[in-house]
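Here's the structure, in structure tokens; my notes come after.
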Amino acid sequence: MLTEELERYSSQYLMQTYARVPISIVRGQGCKVYDAEGREYLDCVAGVAVNALGHGHPDLVMAIEQQARHLIHASNLYYSEPQVQLAQQLVKLSFGQKVFFCNSGAEANEAAIKLARKYASENIAPERCDIITMHNSFHGRTLATLTATGQSKVQQGFAPLPTGFSYATMNDIESVKSQITDRTAAVMIEPVQGEGGVVAADQSFMKELRALCTERRILLIFDEVQTGIGRTGTMFAYEQYEIEPDIMTLAKGLGGGLPIGACIATDTIAQAFGPGSHGSTFGGNPLACAASLAMLRVIQDSRLLEKVQATGAYLKKGLQELQRRIPLIKEIRGMGLLQGVELSIDGKSVVKDCLARRVLINCTMERVLRFIPPLIITQKDIDHLLNVLSDVLNKRLKNP
Ligand SMILES: *Cc1c(COP(=O)(O)O)cnc(C)c1O
């Protein structure tokens, strides 16, 4: 089906929850994707930080093929080897000791919220059930996670919202302190706010936050749905802050494209979940876990984290050079291959102009261009992205 036809059918049959860019991607290879008309694009969105190994990575494809022939789904009524193996890997790689699997970021955060409430109310004090999150955060679209999300625009029209959430300001420890009450169970934070405009937590803030939570017996939850699995140049972003959370959530990059989410916690906290306290029909199914295991193997075998550190730094340097030449660029922010460019103009038209030049980029918070390419992107592809961006912004500068 050609794009025009798809647009018509989509508006006829689909709930109109997405403002889509008018192309239909039908195939991908590495960092390139192809539309229904056969045009090639450089993909610097990667399914919103999902396709970490790009498209069609042979190891990932093979793992999925083999597992699909074996067993796609059986149910959590039974034991599952890929699920245990993946949990073991995640425990090896992180601070965590126990894992719960689900299918998305929102679900991983739901699990984290439920776990924190159950642990705190049963083990610290019965009234401990409130969660503090940050303004401009993004934690998902379910009722609890959109309430956790510190942006009123996503909450509009969905009242009554669950109670027990309040909001503090990122990088302002006094603001967190002012939200703490004797009902506070946890603080939930993204090390780098992705949807919220690529805003990273400061080193000093994170250290103070960790100390504050420990002192007040408040759990610290890191939402690493976007930053986890190598995106920032380390397996998890928390490693770069030299602190550890008590609970961490993962999703986007975890399955290399298959839907999978995880909530990871220390043994002590994980004890709060016993049989029947939480669950998911599809969570941790063999197919998604096999894909995820292949992802983790490729990351380790190809020394991908070191490459992300190098290409992330290269992208940042290139963007900073553009900033010196183009006054429309206000600020460059981010870590690793999660980079943002704050503009003084609306970003949507820049995304459109890049699309016309066959480069896919994304924009959040109206004015922030976000670059979240596959982790396998090369310097050559980054050069191409920078050239196109330079042309597009320069043209915009001349004809505002
Ligand atoms: C994308 C995202 C979510 C939501 O993930 P879904 O899979 O869409 O439910 C939650 N938190 C963060 C930080 C995200 O980037």
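Counting convention: from 1, in listed order, for ligands and their atoms alike. This is a predicted model, so every value here is computed, not measured. What you see below is based on every heavy atom in this structure, not just the backbone, and it leaves out hydrogens, waters and symmetry mates.
- Salt bridge absent: R367 and D346 never bring a charged side-chain N and a carboxylate O closer than 4.0 Å.
- At least one side-chain heavy atom of L369 sits under 4.5 Å from a side-chain heavy atom of L343.
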In residues 333-340, what donor-acceptor pairs under 3.5 Å come from side-chain atoms, sequence neighbours left out?
| residue | atom | partner | partner atom | Å |
| --- | --- | --- | --- | --- |
| R333 | NE | G197 | O | 3.4 |
| R333 | NE | V198 | O | 2.9 |
| R333 | NH1 | E331 | OE1 | 2.7 |
| R333 | NH1 | E342 | OE1 | 2.7 |
| R333 | NH2 | G197 | O | 2.8 |
| R333 | NH2 | E342 | OE1 | 3.4 |
| Q339 | OE1 | K316 | NZ | 3.2 |
| Q339 | NE2 | G336 | O | 3.0 |

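- When ring centroids are compared, Y34 and Y41 stay outside the 6.0 Å threshold.
- Between H135 and Y167, the ring planes are tilted. Angles from 30° to 60° get that label.
- Salt bridge absent: D301 and R297 never bring a charged side-chain N and a carboxylate O closer than 4.0 Å.
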Mind listing the N or O contacts between ligand 1 and protein, cut-off under 3.5 Å?
| residue | atom | partner | partner atom | Å |
| --- | --- | --- | --- | --- |
| ligand 1 | 7 (O) | G105 | N | 2.8 |
| ligand 1 | 9 (O) | G105 | N | 3.4 |
| ligand 1 | 9 (O) | A106 | N | 2.8 |
| ligand 1 | 11 (N) | F138 | O | 3.2 |
| ligand 1 | 11 (N) | D223 | OD1 | 3.4 |
| ligand 1 | 11 (N) | D223 | OD2 | 2.8 |
| ligand 1 | 15 (O) | Q226 | NE2 | 2.8 |
| ligand 1 | 15 (O) | K252 | NZ | 2.6 |

